[in-house]
**Student:** 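Please see the structure below; I have some questions.
Ligands are counted one by one from 1 in listed order, and the atoms in each one are counted from 1 as well. Predicted, not measured: the structure shown is a model, and the values here were computed from it. Numbers here are sequence positions counted from 1.
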Amino acid sequence: MATIYYGPVINPQSLTDYLALPKCLILVSAKGDIDRIYEDVQSSQLQEILAQNGYTDHSAFNFIESREGEFLMPGFIDTHTHACQVPNLGVGGEFELLQWLDNYTFPTEARFKDAGYAERAYPDVVRRIVNSGTTTCCYYGSLHLEATKILAKLVHDRGQRAFVGKCNMNRNCPPNYIEPSVKESIDTTLALIKYIEELPKTSNSQPLVHPILTPRFAISCTEELLERVSKIALENPKLAIQTHISENPSEVELTKSLFNADSYAQVYERYHLLRNNTILAHGVHLTEDEMVLIAKHGAGVSHCPTSNFYLSSGMARVGMLLDHGVKVGLGTDVAGGYSPSILSTIQHASIASKMLAIQAAQAADKKCNRSRDRHRRDEEADSEPSEPSEPSDEVESHSHGHHGHHGHGHKHHHHEDNCDGDKKGPGGFTNERLSIAALLYLATLGGAHVCCLQDRIGSFAEKKAFDALLVSVRDETGNPGVWGYNTARDLTDGVTAQSADRSMVEWLERFLFCGDDRNIRRVIVQGKMIGGQEYQH
Ligand SMILES: O=c1[nH]c(=O)c2nc[nH]c2[nH]1
């Protein structure tokens, strides 16, 4: 049955713009695609517009009208998470990546050898991720075929849009959690691809769940294994690829030495694993040359700031990636990340961008002061007998610059040019805070681009799938962190005391920064409710 939605809608447009439409009408077909969008419809016009579109018999369609304090927005796209690490949420954060893998992650993933455990654990995993508002998810399973089939089937049956892959890993892993041979790794990979491709299609005969090649990371794959994965990739250009890149300094060094390569990205390029449907998780320590290489191949980066903070990996230079033309989406990276919700990722992406902006401003200040001091000393030296000068730390300043700490934040817009504090890329994102529009974009349309699904999802547009969240920031949701919409409390003389309560822009911000699953009434994929507070299990 078709469904008609009427009320406030948030619609991402670009990194700098989104629409907040208080009276939007969206007509969704029985197949779950968006037929028509009317951006501004007064309630007095409703019947006429519905009739024009053939909706006269009210028993033949659902009509859902949002109330004040509620809005529709596109569903979140999680471009990187590990389903088999959900049991580890919130533990192990005292380690850095390589020790964390050995001490926490590999032992937990090893349990999925037991298909019975996968049967018991994965339903909880999928339920939590769906109820967090993730309508599309890029899942890493463990290295096990059976467990990963169970995951794919559960995701499919639930109706979530997803990519599901099993890890390829045949070295630098513990004896009880390693693939015994290249052949086994490749055979099980091909078997999973076939299994997923044969799952029934959706109502519009397109698949919701896609297979994805998942060479875990370069360190865990021998050259022979990467060659064989590469062969599968070359034979299947539409097959997506996911892996990790440049998350942690020790990981970067080990990768370069194992593969005798100048850079991490070069290793993946060598094996033809950089292409437009490749998702590279983390990218914290990418050099600008690697960013250029990644952009040249059209690959995307999954920004995982919760994990990057939790495992002390660092802060990815998202603004610089964007300025280099790299596609960027967000990833929860459970359980390097300790939350299955993209809302947490949004909050940490915001904080990371502010930290980078602050550091850049401080570096620019320092450099500016030094150049002013030097100038003053030169002037004094001209007028006085010469003194030994202090050693210059220009070199230190440059190496900071290499790590993206050039430039400055907003408060330094008036710096003089000779302080070199204004190094920004063409898009102006380098070293700048991510705006609400940018955060929203990364969590939705940016993620869709990373998944090469931008023609289907990520925003509301005619002919796209209706993948959406019905959000509520009304007080009755029970989330104490949200100062919710409540006319009984805030209405004075016929208007809300805080006009903020009526502003959709602020509803959105409150949700992004203070919301949780209590604020998500419905999670909708391809027009069908698959989760949220109103979902009947
Ligand atoms: O955050 C991460 N989580 C993982 O499971 C992993 N494996 C390789 N590199 C990784 N990074």
**Student:** Any donor-acceptor pair under 3.5 Å linking the side-chain atoms of His348 with those of Thr306?
**Tutor:** yes
**Student:** May I ask you to check whether Thr332 and Thr81 show a side-chain donor-acceptor distance below 3.5 Å?
**Tutor:** yes
**Student:** Compute whether any side-chain donor of one residue and acceptor of the other, for Gln242 and His80, lie under 3.5 angstrom apart.
**Tutor:** no
**Student:** Are His244 and Tyr140 an aromatic pair, judged by ring center distance below 6.0 Å?
**Tutor:** yes
**Student:** Kindly tell me which protein residues have any non-hydrogen atom under 4.0 angstrom away from an atom of ligand 1, grouped by chain and ordered by number?
**Tutor:** His82, Gln85, Leu97, Trp100, Leu101, Arg216, Phe217, His244, Glu247, His282, Asp333
**Student:** Val267 and Ala261: which non-hydrogen atoms are nearest, and at how many Å?
**Tutor:** CG2-CB, 3.6 Å
**Student:** Counting only heavy atoms from other residues, nucleotides and ligands, does the tally under 6.0 Å from CD of Gln13 exceed 12?
**Tutor:** yes
